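Below is one structure, written out as structure tokens; comments come after it.
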There are 2 protein chains.
Amino acid sequence: MSQVRIAIDAMGGDHGPETVLAGAEIALGRHPDAAFILYGDETRIAEVLKAHPKLAAAARIVHTDVVVGMEDKPSIALRRGRYKSSMWRAIDAVKHREADAAVSAGNTGALMAMANFNLRTMPGISRPAIAALWPTLRGESVVLDVGASIGATAKSLVEMALMGSAMARVLFDLERPTVGLLNIGVEEIKGVEEVREAGRILRDENLPVNYHGFVEGNDIGAGTVDVVVTEGFAGNIALKTAEGTAKQLAGYLRAAMGRTLRSKLGYLLARDAFQVLREKMDPGRANGGVFLGLNGLVIKSHGGADAQGFASAVDLAYDLVRHELLARIENNLVNRLPPAAPGEASEPAEAEGQS
Amino acid sequence: MSQVRIAIDAMGGDHGPETVLAGAEIALGRHPDAAFILYGDETRIAEVLKAHPKLAAAARIVHTDVVVGMEDKPSIALRRGRYKSSMWRAIDAVKHREADAAVSAGNTGALMAMANFNLRTMPGISRPAIAALWPTLRGESVVLDVGASIGATAKSLVEMALMGSAMARVLFDLERPTVGLLNIGVEEIKGVEEVREAGRILRDENLPVNYHGFVEGNDIGAGTVDVVVTEGFAGNIALKTAEGTAKQLAGYLRAAMGRTLRSKLGYLLARDAFQVLREKMDPGRANGGVFLGLNGLVIKSHGGADAQGFASAVDLAYDLVRHELLARIENNLVNRLPPAAPGEASEPAEAEGQS
């Protein structure tokens, strides 16, 4: 593969094309063999590109009229934005092999609805998942699903274990990343049968997964396993709770350090250490949710990300393309899992034809 | 009420009677009108009490032979420990009005199974919940359910809102504590119908709940609302994830501060501020899960709590008794909610008679 071609939804996110394009240029600086297709308002993009000549040289603009709003419901976004929004077109470029991955900082629900509708799930995958990179005491872990769907069957948890393993293998350069199923400590409580059944399958069947066992919420930050698998409601709550806790502790830290003259002096002396700490605590550092299980790679950047945050989402897209994540997932799946029965495959929300 | 009588499972927890009794004595120092019944091995308790003469003067010992293990499954604990374990007897004292509350650092699943079996759910409550006190940027919030049961109906979420409100009113001295339903940001995703229906009931029906709306995981640490309501799987994952994140950031802090001589000097100057921070970050500070929805008050202390941690669980029991939490919950419930249909009430695991 000579170049990595990335389709950018230039209109997505809270801060608009200025931040998105500044982020793309930062990522281009790190990956000079990247090429970009920028979807959005041509006049506005061209104006912003004047400040980013390097990006301009590595990109082409495709004009779109429609912007998916950050608050649009997925069904509305799909109805209004299909075929013609910057978000749809970026995904569509992946579908038609004009790009190797799409990156958007737009609304998660709309992006997932469009990606699922247009790209469809891979053979053997019953539903897509969103995987997050989670900073831990031991480095980073892959956590999925953090919000693509609610509830999970044993089968979809096993699929996530296979997909998450492939992603950890690529990103962390591990031969046999460890995988844990998120659970709660209480035994014999009704409602975790699916989790227990998934555990049985991962333990007993000969799958390409290095299964560790159940883990609890505190194991995520500890980095007990390389891949944490859970259904999307609990996964999303966990992710947001960890972000909230990091903010909360940063607030305590500021307040505690500003308390006395002595601690202020201490702060000045320890400033560099605090800088390191702030970077570790920054939830934007490992920015980017990866949509897994679709016939194409789509990366969701945090809507509020700054240029550095968007750049790290582009970096992630670049790395996953370079290391052929999708081929590795297919390899994990197609050869090891029986194909989903026709009725089990996830169906798009509407049955109309596609472009 | 002249005294607050607290039944203590002296054998529960990772550290045994030494820690439990030391904790009870600390709490007694703060609440001289507390009286204790200590359930467990009489010889061992009497030995430990020699070091705690003040507690000995305010306590009587009731000998029990059986100890529920920290790893025992609830069904095993119930079979082996019913009638005769220290855990059962502490709960049974509450049932027979010999004590106003029971406190145990034992195994959560066993404690909930025994409490549910022996005390039964209150009229109008379909299932019990565990409420946690969660330190936030604005003070503290009540979060429930953190692990009593998995999944929730709209009805059980509404019941939790009523119970959590009563608890926040008592503990935070608020007239109208705000209540949020934990949800994820994506609209129109299948599986949150129960949460949305609960939101509709809390908004539209004239319940004694100051309903704020949906909140997300990051709102917990921010202290957006006084009471956060969720089903027990996500609630438990959130609680453990926050604990894990706090530990993780404490680890980063230690590493960052030890990095250079300059930052070490800074650390020495800022030591008092760090002490304040450590206390705020300490997950044991607000120790104690409250079992709500039962005909009697049971407090679960963290199994690994030290004496200070166990003392704060006893403090919590004391405060909830003093402020008549159960009567306030009953007042919220009985007059406002239609009684549960017979089939909906939670039934104990076994149908045998009780002592």
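For clarity, every value in this text was computed on a predicted model and none was experimentally measured. Below, read A as the first sequence line, B as the second, and so on, with proteins coming before strands; counting in each chain starts at 1.
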Whether Gln248(A) side chain and Pro135(B) backbone form a donor-acceptor pair below 3.5 Å: yes
Atom pair NZ/CG of Lys247(A) and Leu137(B) - distance to nearest 0.5 Å: 9.5 Å
Closest non-hydrogen atom pair, Ala242(A) against Thr245(B): CB-OG1, 3.5 Å
Heavy-atom pair of closest approach, residues Ile237(B) and Asn183(A): CD1-O, 3.7 Å
Minimum heavy-atom distance Phe233(A)-Thr230(B), with the two atoms named: CE2-OG1, 4.3 Å
Portion of Ile220(A) that has a non-hydrogen atom of chain B nearer than 4.5 angstrom: side chain
Option that, when pairs with chain A are counted at under 4.5 Å, heavy atom only, ranks first among Gly235(B), Gly251(B), Gly221(B): Gly221(B)
Chain B contact via Ala238(A) - side chain, backbone, both or neither, heavy atoms under 4.5 Å: both
Crowding at NE2, His302(A) (>12 non-hydrogen neighbours, <6.0 Å): no
Pair Trp134(A)-Thr241(B), side-chain contact (heavy atoms from CB on, under 4.5 Å): steps then yes or no: CA-CA 12 Å; Trp134(A) 192 300; Thr241(B) 300; 3.8 Å; yes
Among Asn107(A), Leu182(A), Leu239(A), residue most engaged with chain B (heavy-atom pairs, under 4.5 Å): Leu182(A)
Residue list, side-chain contact (heavy atoms from CB on, under 4.5 Å) with Ser141(A), at least two apart or on another chain: Thr136(A)
